[in-house]
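Scroll down for the structure; my scribbles are underneath it.
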2 protein chains.
Amino acid sequence: MSADSLSTVLSALADPTRRGLLARLAAGEATVSELAKPYDMSMAAISKHLKVLEKAGLVEQSHHAQYRPRKLNPEPLREVDVWLAEYRKLWEARFDRLDHYLRHLQGKSDA
Amino acid sequence: MSADSLSTVLSALADPTRRGLLARLAAGEATVSELAKPYDMSMAAISKHLKVLEKAGLVEQSHHAQYRPRKLNPEPLREVDVWLAEYRKLWEARFDRLDHYLRHLQGKSDA
DNA sequence: GTGGTTTTCAACTATATGGTTCAATACAGC
DNA sequence: GCTGTATTGAACCATATAGTTGAAAACCAC
């Protein structure tokens with residue numbers, strides 16, 4: 001436990017239910033019951049998933065009456081993007097080599 | 001188990017040791033013992049981490065003599081990037097708002 | 001204050017994860 | 001074939017994760 005924040009964010013994202021919740025929240029605030037509706041799962045389970053997302057900083061909670069609507073905070077995703085950027089050149093290089101190879105196969109007619 | 005591939009990749013990345021292994025492999029092929037050297041951990045543990053990375057398609061294994069050098073395959077990271085791209089506009093929008101706010105604070109002198 | 005709604009907490013279960021140690025496998029060199 | 005080196009497998013342990021159910025908390029409406 002108490003892993004570095006990038007690990008916490010990535011492991012929060014490594015679950016399709018949680019990514020689904022984020023996608024829904026990208027469209028705007030929602031309550032827990034609204035968020036739970038599409039899933040064949042108890043509300044308590046969704047509540048737990050939301051807690052994981054909150055610990056990762058990806059979701060924030062407001063509080064009004066008995067409702068505790070959640071909203072997305074995309075900020076931690078930036079950290080993921082920064083990490084990924086280091087590798088982007090690698091897969092792009094790979095793509096370039098494939099691209100060159102394919103053009104080569106097509107008979108050097110790379111006009 | 002048998003999660004979707006994006007989940008598999010993200011959960012493979014959600015561990016600092018495994019991200020360290022990838023960083024090392026980004027610099028070129030390496031054997032398991034070379035990879036294990038910086039870590040205060042048994043070779044068997046490193047071997048397990050590598051297996052997780054292989055299942056995610058991030059690392060490939062060749063086989064020559066008793067050595068089984070690994071190399072990085074950045075391809076699955078592209079899938080992460082595609083997923084992230086959906087959210088990029090959100091955090092950029094957020095940044096823009098902050099940027100505008102800061103310029104406002106600095107006395108509208110946004111020359 | 002009673003009743004209904006929304007959400008979380010607590011206890012529990014099953015399985016996954018990350019590590020260990022020791023044995024086994026696979027190969028090269030002699 | 002024996003020895004040394006590199007790597008994995010098997011068994012095991014502790015803890016984390018993802019779900020369940022049922023009760024409790026917080027609030028609104030009446």
Next on the checklist: Please confirm whether the shortest side-chain N or O distance from S33(B) to OP1 or OP2 of dT7(D) is below 4.0 Å.
Outcome noted: yes
Item to check | Nucleotide dT17(D), atom C1' - distance to CG of L53(A) in whole Å | outcome: 14 Å
Next on the checklist: Can you give me the closest heavy-atom contact between A12(A) and A56(A), atom names plus distance?
Outcome noted: CB-CB, 3.8 Å
Item to check | R70(A) vs dT8(C): side-chain N/O to OP1/OP2 distance below 4.0 Å | outcome: yes
Checklist entry - Does Y87(A) reach the side chain of D81(B), with side-chain heavy atoms less than 4.5 Å apart? => result no
Checklist entry - Does the side chain of W83(A) come within less than 4.5 Å of L10(A)'s, by heavy atoms? => result no
Checklist outcome for this item: Rounded to whole Å, OH of Y39(A) lies from P of dT7(C) at a distance of 16 Å
Next on the checklist: What is the distance, to the nearest angstrom, from the CG atom on L10(B) to the C1' atom on dT17(D)?
Outcome noted: 17 Å
Next on the checklist: What is the separation between atom CG on D15(B) and atom P on dA16(D), rounded to the nearest whole Å?
Outcome noted: 14 Å
Checklist entry - Which nucleotide sits closest to the side chain of H49(A): dT8(D), dT6(C), dG19(D)? => result dG19(D)
Checklist entry - How many angstroms lie between atom CG of L22(B) and atom CG of L77(B), to the nearest 0.5 angstrom? => result 7.0 Å
Next on the checklist: Whole angstroms only, please: what is the CD1-C1' distance between I46(A) and dG19(D)?
Outcome noted: 11 Å
Checklist entry - salt bridge (charged side-chain N to carboxylate O under 4.0 Å, His left out) between E75(B) and R78(B): does it pass, once the steps are laid out? => result CA-CA 6 Å; E75(B) 195 53 39; R78(B) 193 197 295 268; 2.8 Å; yes
Checklist entry - Atom NZ of K55(A) and atom C1' of dT8(C): how far apart are they, to the nearest Å? => result 13 Å
Checklist entry - Taking the side chain as C-beta and beyond, is there a heavy-atom pair between R70(A) and L58(A) under 4.5 Å? => result no
Item to check | Side chain of K51(B) - closest among dT7(C), dG9(D), dG18(C) | outcome: dG9(D)
Checklist entry - Does a nitrogen or oxygen in the side chain of S47(A) sit under 4.0 Å from OP1 or OP2 of dT8(C)? => result yes
Next on the checklist: Base, sugar-phosphate or nothing for Q61(A)? Non-hydrogen atoms, less than 4.0 Å.
Outcome noted: sugar-phosphate
Next on the checklist: Angle between the two end axes of the helix from dG1(C)-dC30(D) to dC30(C)-dG1(D), five base pairs per end, rounded to 10 degrees?
Outcome noted: 20°
Next on the checklist: Distance check, rounded to the nearest 0.5 Å: L53(B) atom CG versus R18(B) atom CZ?
Outcome noted: 6.0 Å
Next on the checklist: Treating primed atoms plus P, OP1 and OP2 as sugar-phosphate and everything else as base, which nucleotides of nucleotides 20-25 of chain D get B, S or - for protein heavy atoms under 4.0 Å?
Outcome noted: BB----
Next on the checklist: Restricting to non-hydrogen atoms, name the atom on S33(B) and the atom on M43(B) that form the minimum distance, rounded to 0.1 Å.
Outcome noted: CA-SD, 3.7 Å
Next on the checklist: Distance check needed: dT7(D) P versus K37(B) NZ, whole Å only.
Outcome noted: 10 Å
Checklist entry - Mind checking whether L6(A) and V82(A) have side chains closer than 4.5 Å, heavy atoms only? => result no
Item to check | Distance in angstrom units between R19(B) CZ and dG18(C) P, rounded | outcome: 12 Å
